Amino acid sequence: MNFKKILGAAVASVMAVSTMAVAANAATAGLIFKTNAWTFRNSLDQSKAIWWDEFDEGNEFDTWNLNDVEITADGQYTVSFEKNIMEDCKDGPESSWVVLKLQTNIPAADYPDLQITIDSLKVDGKEVEAAKTAILGAEAKEAGDFDDATVMANGDCYCVGFYNQWNDKQTVIDGLADFGGKVECTFTVSGFAAASTEDTEGTEGTEGTEGDNGNTEAPSDDKGTPDTGVEGVAVVAGIAVLAAGAIVVAKKRK
């Protein structure tokens, strides 16, 4: 095997590790829902929406377009989903929301100053003005049998509820009148960058600010980008390149 092939394989491996590290730590937001017919997208980890048929089988929607976003800094973001409205579900046709919310995987404990304000909520192209009064809250993310991945155990995460049959604090829209197959939400995030820079002076043996938790791993001045493990990836890259060089040297010595 020549040096170029060895180096190429090493770089490919490092890029794969880097991609996984970024994906595992990305802050994400998206829309989740349940309807009166118990069709649902339960969590951000569920990439497909599900509906139940008369045989208690979970099926994917024929139309399902999903747009989640990665939160990288303070600013404005838009998320959406579009699906066909089912008429022949196990519990009748879809006609109203049971749950509709903007969900994130951002732990409230790690971002105490974070704020999310709703700029716009559109259902089937119609602006729902009442959605702008929705309040930011925090709760444990929901897991389910149809999730694509295991939900990370990172405590209560931020969400903004538009309608929740079981929670008046997360209900500001009309579950029946504001129901539809296409939902788009534009929102503004603030306080995300601040969480990554606070308490960075509180290292052991150094005088920190009052209430400093001494966390030496907090990134400094990175515009709020979540820790992606780049340092570890760099180490892996170095090892891979050194290994490649060692193989070449060994072959020359033969």
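Quantities reported herein were computed from a predicted structural model and do not represent experimental measurements.
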*Indicate yes or no for a side-chain donor-acceptor contact from D119 to the backbone of Y77 under 3.5 Å, with no hydrogens or angles considered.*
no

*Closest heavy-atom contact between L102 and A29?*
CD1-CB, 4.4 Å

*Write down the atom of A108, the atom of A138, and the distance for their closest heavy-atom approach.*
CB-CB, 3.8 Å

*Atom of P107, atom of N105 and distance for their closest heavy-atom approach*: CD-O, 3.3 Å

*Could you grab the distance from atom CG of N67 to atom SG of C185, nearest 0.5 Å is fine?*
11.0 Å

*Between N36 (side chain) and S96 (backbone), is there a donor-acceptor pair under 3.5 Å?*
yes

*For the atom pair CG (L31) and CG (L44), what is the distance rounded to the nearest 0.5 Å?*
9.0 Å

*Could you tell me which non-hydrogen atom of G92 sits nearest to which non-hydrogen atom of A37, and how far apart they are?*
O-CB, 3.4 Å

*asked:* Any heavy-atom pair between the side chains of V160 and F187 that's under 4.5 Å?
replied: no

*Are side-chain N/O atoms of T28 and D68 paired as donor and acceptor at under 3.5 Å?*
no

*Supply the atom-to-atom distance D53 CG to N59 CG, rounded to the nearest 0.5 angstrom.*
4.5 Å

*Give, for atom CG of D74 and atom CG of L114, the distance between the pair rounded to the nearest 0.5 Å.*
7.5 Å

*Side chains of V189 and Q115: does their closest heavy-atom pair fall under 4.5 Å?*
no

_Heavy-atom closest pair, residues T171 and N167_ = OG1-O, 3.1 Å

*Any donor and acceptor pair, going by atom type alone, linking the side chain of W64 with main-chain N or O of S47 inside 3.5 Å?*
yes

*Pairwise side-chain contact, W38 with V98, heavy-atom cut-off 4.5 Å (strictly under)*: yes

*Considering non-hydrogen atoms only, spot the tightest contact between I106 and A27 and give its length.*
CG1-CB, 3.9 Å

_Pairwise distance CG(L100) to CZ(R41) - rounded to 0.5 angstrom_ = 11.5 Å

Identify each donor-acceptor pair in which a side-chain atom of residues 120-127 lies under 3.5 Å from a protein atom, sequence neighbours left out, and give them as a table.
{"from": "S120", "atom 1": "OG", "to": "E127", "atom 2": "OE1", "distance (Å)": "3.0"}
{"from": "S120", "atom 1": "OG", "to": "E127", "atom 2": "OE2", "distance (Å)": "3.1"}
{"from": "D124", "atom 1": "OD1", "to": "G181", "atom 2": "N", "distance (Å)": "3.1"}
{"from": "D124", "atom 1": "OD1", "to": "K182", "atom 2": "N", "distance (Å)": "2.9"}
{"from": "E127", "atom 1": "OE2", "to": "L121", "atom 2": "N", "distance (Å)": "3.3"}

*What distance separates W97 CH2 from F162 CZ, expressed to the nearest 0.5 Å?*
11.0 Å

*Between D156 and A140, is there a donor-acceptor pair closer than 3.5 Å when you use the side chain of the first and the backbone of the second?*
yes

*Does any pair with a residue in residues 80-93 pass side chain to side chain donor-acceptor pair (under 3.5 Å), and if so which ones, sequence neighbours excluded?*
K83-E94

_side chain to side chain donor-acceptor pair (under 3.5 Å) involving T186 - partner list, sequence neighbours excluded_ = T78

_Beyond-backbone contact of T35 with F179, side-chain heavy atoms, under 4.5 angstrom_ = yes

_Looking at N42 and F40, would you say the former's side chain and the latter's main chain have a donor-acceptor pair under 3.5 Å?_
no

_Heavy-atom donor-acceptor pair, Y158 side chain to I116 backbone, under 3.5 Å_ = no

_Evaluate K169 against E139 for salt bridge (Lys or Arg N to Asp or Glu O under 4.0 Å), listing each step before the verdict._
CA-CA 12 Å; K169 293 181 179 179; E139 61 183 21; over 6 Å; no

